[in-house]
Peer 1: 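Submitted below is the structure of interest, expressed as structure tokens.
On a predicted model such as this, the values are computed, not experimentally measured, just so you know.
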Amino acid sequence: MKGRVADECIRLAERVMPGLRGWVSGCYTSTPLTYRDYTGAPEGTAYGLRKDYRNPLAALLSVRTPVPNLFLTGQNLMLHGVHGVTMTALFTCAEVLGRERIWNIVTNKKGVEI
């Protein structure tokens with residue numbers, strides 16, 4: 001099915017760029033990742049992960065994904081609004097720059113360049 005869809009996309013693109021198919025040397029397709037891929041729940045979770053309010057970090061989803069350089073940033077399934085966005089942005093910065101560097105910036109240690 002993925003091959004058929006890829007062929008259809010090339011066919012549609014050829015309407016604008018005639019001869020495109022001749023320029024294609026290879027084609028790779030993949031299936032989109034789902035929420036199940038990030039939670040690790042084999043049967044999926046219709047209502048999300050069960051969370052314990054006494055231990056919020058136990059149900060924290062990693063901002064890192066199986067796709068290199070793709071991060072889940074900008075929303076949070078546990079926290080709403082500004083707090084959730086801020087937390088995931090901070091976690092993403094920690095993944096990119098390193099946790100120790102971000103901790104030093106957050107705690108305002110001297111000698112840290114931003």
Peer 1: For Arg21, check side chain to side chain contact (heavy atoms under 4.5 Å, CB included) against everything at least two apart and list the hits.
Peer 2: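 Applying side chain to side chain contact (heavy atoms under 4.5 Å, CB included) to Arg21 gives Asp7, Ile10, Arg11, Glu14.
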Peer 1: Determine whether Leu20 and Val16 fall in the same hydrophobic cluster, where Ile, Leu, Val, Met, Phe, Trp and Tyr are linked whenever their side-chain heavy atoms lie under 4.5 Å apart.
Peer 2: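 Per the 4.5 Å side-chain linkage, Leu20 and Val16 are co-clustered.
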Peer 1: Looking at CG of Leu90 and CZ of Arg99, how far apart are the two atoms once the value is rounded to the nearest 0.5 Å?
Peer 2: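 Those atoms lie 10.5 Å apart.
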Peer 1: What residues form a side chain to side chain contact (heavy atoms under 4.5 Å, CB included) with Cys9, not counting sequence neighbours?
Peer 2: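 With neighbours one apart ignored, the set is Val5.
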Peer 1: So, taking the atom named OG1 in Thr92 and the one named CE in Met87, what distance separates them when rounded to the nearest 0.5 Å?
Peer 2: 11.0 Å
Peer 1: Please say which of Ile102, Val106, Val63 ends up in a side chain to side chain contact (heavy atoms under 4.5 Å, CB included) with Cys93.
Peer 2: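 Exactly one pass, corresponding to Ile102.
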Peer 1: For the pair Val96 and Phe71, evaluate side chain to side chain contact (heavy atoms under 4.5 Å, CB included) and give the outcome as yes or no after the intermediate values.
Peer 2: CA-CA 10 Å; Val96 173; Phe71 299 94; 4.1 Å; yes
Peer 1: Could you pull out all residues at least two apart from Glu100 that satisfy salt bridge (Lys or Arg N to Asp or Glu O under 4.0 Å)?
Peer 2: none
